[in-house]
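Numbered from 1 within each chain, the chains take letters A, B, ... in sequence-line order. What you see is a predicted model; the values in this text were computed from it and never measured.
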There are 2 protein chains.
Amino acid sequence: MKRGTPASGRPRALVFDVFGTVVDWRGSIAREARRIGRAHGVKADWGAFADAWRAGYRPAMERVRRGELPWQSIDALHRRILQSLLGRSGLRIAPREIDELNRAWHRLTPWPDTVRGLQRLKRRYVIGTLSNGNMALLIDLAKSAGLPWDCILSAELFRHYKPDPEVYLGAAALLDLQPREVMLVAAHKDDLAAARRCGFRTAFVQRPLEHGKVATADVSPDRRCTVNAADFVDLARQLGA
Amino acid sequence: MKRGTPASGRPRALVFDVFGTVVDWRGSIAREARRIGRAHGVKADWGAFADAWRAGYRPAMERVRRGELPWQSIDALHRRILQSLLGRSGLRIAPREIDELNRAWHRLTPWPDTVRGLQRLKRRYVIGTLSNGNMALLIDLAKSAGLPWDCILSAELFRHYKPDPEVYLGAAALLDLQPREVMLVAAHKDDLAAARRCGFRTAFVQRPLEHGKVATADVSPDRRCTVNAADFVDLARQLGA
């Protein structure tokens with residue numbers, strides 16, 4: 001059933017990391033938290049609030065990866081972290097508002113080049129997510145941001161979080177492609193390195209504002225990657241789409 | 001994380017059976033087989049060829065469901081059936097052509113109302129596949145037919161074929177919805193009955209030409225369904241989309 005890799009040496013499918021690579025989680029979360037803060041008369045550094053929420057995600061996920069916590073979705077992990085953040089902040093909100101704020105991750109704003117770049121790439125390649133976000137989150141996000149995915153693939157399908165190899169290899173298997181026929185697109189070098197260990201091609205995309213205007217994101221070119229791109233439109237150009 | 005069902009009592013997501021409900025498998029397969037037959041100077045009733053290919057699918061799948069065959073994708077089952085069909089037909093073609101013909105299932109033509117209906121439904125609901133077709137097949141089909149799915153869900157994700165309850169319940173879980181918040185749309189009453197046993201809402205859509213112009217498809221209304229629709233545009237109208 002396998003088809004050969006095209007002569008050009010180009011991939012057949014591109015799968016994308018989402019948080020930070022496709023969407024601006026920090027700006028979006030800070031905005032939603034600020035709105036709720038205002039409604040309750042609470043002032044805070046909402047950028048730092050977003051950072052703290054995001055910072056809790058990796059240790060929580062690591063606990064799942066090590067088997068200390070049973071499998072749970074990113075929605076559930078986000079909720080758990082948010083609960084403890086709210087306890088430490090001055091913000092006292094009702095469970096319904098906590099749910100609503102937790103769902104801010106379903107409504108993150110894409111980077112300015114995202115939709116245009118994806119539309120171009122979609123003409124030539126199968127494009128999909130490959131995110132630790134759960135399916136429902138990724139579906140909502142695609143709808144709210146107008147992301148034209150051909151398919152939504154999530155760590156949830158494999159009950160393993162990136163960078164576990166099960167996620168990359170599982171995605172290639174569902175696409176009925178060899179790992180070398182799939183390219184991971186990400187702004188994070190550790191994710192790309194893990195994909196490469198599974199045989200994927202890799203594209204590093206610079207997202208200088210992922211951590212805000214003050215903090216610095218690592219945007220230096222990654223020579224181990226097949227492609228280094230300034231944004232998704234540049235990626236489309238380099239991949240002939 | 002669950003949200004309540006909307007006051008209207010309408011579903012939040014619609015998942016669609018694909019072969020026969022969304023696309024005209026018989027007409028498409030007959031057309032591709034006829035083209036290959038012509039190229040090899042073989043005449044046959046290609047509608048009957050398509051029927052025989054499709055007829056092999058259910059027993060093959062049943063063998064997987066009973067555990068007599070290990071899990072395998074519809075692509076693999078189709079290939080196995082095609083091989084035996086070709087043996088009995090006058091058509092002698094090379095393995096590469098067999099692969100190419102097998103992939104005709106990745107290029108099936110939608111019914112005339114399909115794309116317009118889905119575009120309307122997508123504005124108001126999450127829409128996705130829920131098919132026994134494998135992921136790669138469904139992704140290719142969506143691309144070639146321009147089907148605007150929000151997500152591709154396949155029996156392959158659950159390693160169970162419809163009508164096993166694991167497929168319907170697994171889909172609802174990935175959508176993070178209660179079964180009653182999901183509606184299965186299908187032209188086949190057995191599929192709809194199985195979904196209903198899992199708590200899904202159901203929409204029966206008439207596809208009078210599924211088995212060709214001569215054979216009769218069951219298009220009588222199904223009173224057990226939430227909705228009975230003439231086609232996808234009628235379904236959109238009835239669901240306020």
With a 4.5 angstrom heavy-atom cut-off, could you sort out which part of B/L174 is near chain A: side chain, backbone, both or neither?
both

Considering all heavy atoms, the nearest B/A136-A/D176 contact:
CB-CB, 3.6 Å

By a 4.5 Å heavy-atom criterion (distance strictly below it), what part of A/L153 contacts chain B: side chain, backbone, both, or neither?
side chain

In terms of heavy-atom proximity below 4.5 Å to chain B, should A/D150 be classed as side chain, backbone, both, or neither?
both

Residues in residues 111-123 of chain A near chain B [non-hydrogen atoms, under 4.5 Å]:
A/K122

If we define contacts as heavy-atom pairs under 4.5 Å, which of A/I152, A/I139, A/N134 has the most with chain B?
A/I139

Output all residues satisfying salt bridge (charged side-chain N to carboxylate O under 4.0 Å, His left out) with A/R197, sequence neighbours left out; order by chain, then residue number.
none

Heavy-atom count around A/R92 CZ within 6.0 Å, excluding the residue itself: above 12?
yes

Contact origin within B/L137 toward chain A - heavy atom pairs under 4.5 Å:
neither

